[in-house]
2 protein chains.
Amino acid sequence: MELSCKTEYALLALLELSSHYQQNEPLQIRQIAAQQHIPDRYLEQLLAVLRRGGFVRSQRGPKGGYLLAREPWKITLLEVINCLEGQNPQPPKAPVSPPPTAESAMVKEIWLEAHASSLSVWQRYTLEDVCELRDARQQLNLMYYI
Amino acid sequence: MELSCKTEYALLALLELSSHYQQNEPLQIRQIAAQQHIPDRYLEQLLAVLRRGGFVRSQRGPKGGYLLAREPWKITLLEVINCLEGQNPQPPKAPVSPPPTAESAMVKEIWLEAHASSLSVWQRYTLEDVCELRDARQQLNLMYYI
DNA sequence: AGCAAACTCCAGTGGAGAACCGGAGTATAC
DNA sequence: GTATACTCCGGTTCTCCACTGGAGTTTGCT
């Protein structure tokens with residue numbers, strides 16, 4: 001599972017929203033974009049996808065912005081990836097798919113095993129997990145300088 | 001780890017060579033290409049890469065062709081993938097890589113874990129394994145018709 | 001009511017890479 | 001010495017991804 005730039009941006013945006021989940025006030029696209037170094041007009045599209053996917057909700061008008069639609073410990077990274085990559089389904093395929101041979105069937109099978117193996121990793125982490133890991137990591141880094 | 005078309009073709013070609021490993025006589029590009037439904041002029045390029053990678057050796061002239069350079073039980077699928085994908089290394093990157101944030105560092109870390117997880121699957125299989133699995137699978141399929 | 005701040009929809013563009021294709025060259029069995 | 005194979009290298013076409021732009025809509029605030 002290669003992360004496309006799009007998916008990574010989406011994850012970063014959701015992590016940013018998770019960080020501010022307590023405040024319960026919307027974050028604007030520009031704020032998220034600036035914080036995570038994402039082109040804002042592009043992020044706009046991704047947030048629209050995430051909204052349709054039920055991950056965020058939007059609040060229009062002045063003082064508007066985006067909020068997490070669910071608790072950050074109830075959103076796994078895999079769900080997010082599926083939402084984004086689900087838009088353009090790309091199974092392992094040759095451009096003009098030839099009649100399958102016994103060998104290609106085997107390769108596909110092993111590919112599925114490898115794929116499932118990496119998906120299980122993304123499945124294992126929620127947005128909150130990542131935020132906590134990040135905080136722990138930063139605490140650790142600070143300790144080095146004491 | 002998405003398999004590119006190129007890598008899948010290379011794997012299929014090597015599996016084809018593995019199947020004929022006992023005979024110890026070279027297979028020609030056209031034979032392999034026809035058997036596995038691969039454009040022959042394209043396969044030619046891939047075999048050149050595999051030759052430089054030490055997976056096959058070539059024999060020129062009439063009655064020439066390609067042979068496995070090593071025993072099929074000493075070649076893992078991962079080695080082959082690395083050889084092919086190693087040509088154009090593609091880590092998870094944004095087009096213009098922005099200064100990393102704490103979040104992006106975390107995502108990259110989890111990506112590495114997921115990646116390693118799928119690589120370990122490809123690592124687990126050798127060319128011979130796949131040929132044997134394929135034969136076993138076909139035996140099984142035949143039994144259904146008895 | 002009216003303005004401005006925000007999101008929303010839709011269409012298009014530029015570049016990069018992947019998958020091929022072709023031709024000229026070179027080695028080798030017979 | 002010739003036909004048969006591999007070898008090298010360049011080009012072409014096509015698709016997809018990241019990103020941009022503009023016109024429109026919703027909503028809070030005064």
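Lettering of chains follows the sequences in order, A, B, ..., and the numbering in each one begins at 1.
Atom CD of A/Gln123 is separated from atom CD of A/Glu79 by 7.5 Å, given to the nearest 0.5 angstrom. Between the OG atom of A/Ser19 and the CG atom of A/Asp135 there is a distance of 7.0 Å, given to the nearest 0.5 Å. Atom CD of B/Gln31 is separated from atom CG of B/Leu17 by 10.0 Å, given to the nearest 0.5 angstrom. The line from OH of B/Tyr66 to CZ of B/Arg51 is 6.5 Å long, rounded to the nearest 0.5 Å.
The CG atom of B/Leu84 sits 13 Å away from the C1' atom of C/dA19 (whole-angstrom rounding). Between A/Arg57 atom CZ and C/dC7 atom C1' there is a gap of 15 Å when expressed in whole angstrom units. Atoms CG (B/Leu50) and C1' (D/dT7) sit 15 Å apart, rounded to a whole Å. Between the NZ atom of A/Lys6 and the C1' atom of D/dC16 there is a distance of 10 Å, rounded to whole Å.
A donor and an acceptor atom, one from each side chain of A/Ser4 and A/Glu85, are located under 3.5 Å apart. One side chain, A/Tyr125 or B/Glu113, offers a donor N or O that lies under 3.5 Å from an acceptor on the other. For B/Thr76 and B/Thr126, the side-chain atoms include no donor-acceptor pair closer than 3.5 Å.
Every residue two or more places apart in sequence or in another chain that forms a side chain to side chain contact (heavy atoms under 4.5 Å, CB included) with A/Ser104 is listed here: A/Pro100, A/Thr101, B/Glu8, B/Leu12. Not counting sequence neighbours, the partners of B/Arg30 by the side chain to side chain contact (heavy atoms under 4.5 Å, CB included) test are B/Asp40. Take A/Glu71 and apply the side chain to side chain contact (heavy atoms under 4.5 Å, CB included) test, not counting sequence neighbours, and it matches A/Tyr21, A/Trp73, A/Lys74.
From one end of the helix from C/dA1-D/dT30 to C/dC30-D/dG1 to the other, with five pairs defining each end axis, the axis direction shifts by 10° (rounded to 10°).
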Margin query: Quick one, B/Val130 with B/Leu11, criterion side-chain contact (heavy atoms from CB on, under 4.5 Å). Give me CA distance, side-chain angles, the key distance, then yes/no.
Written below: CA-CA 10 Å; B/Val130 180; B/Leu11 283 174; over 6 Å; no
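Using a 4.0 Å heavy-atom distance criterion, B/Arg51 is classed as a sugar-phosphate-only contact.
Contacts of residues 35-48 of chain B with DNA chain D (heavy atom under 4.0 Å): B/Arg41, B/Glu44, B/Gln45.
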Between the protein and nucleotides 25-29 of chain C, which nitrogen or oxygen pairs are less than 3.5 angstrom apart?
unit_1 : atom_1 : unit_2  : atom_2 : d
C/dG25 : N2     : B/Arg60 : NH2    : 3.3
C/dT26 : O2     : B/Arg60 : NH2    : 2.9

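Within the structure, a side-chain polar atom (N or O) of B/Tyr9 is placed less than 4.0 Å from OP1 or OP2 of C/dC20. Look at B/Ser58 and you'll find a side-chain N or O under 4.0 angstrom from OP1 or OP2 of D/dT7.
If you check C/dC9, C/dA19, D/dT7 against the side chain of A/Arg52, the one that comes closest is C/dC9.
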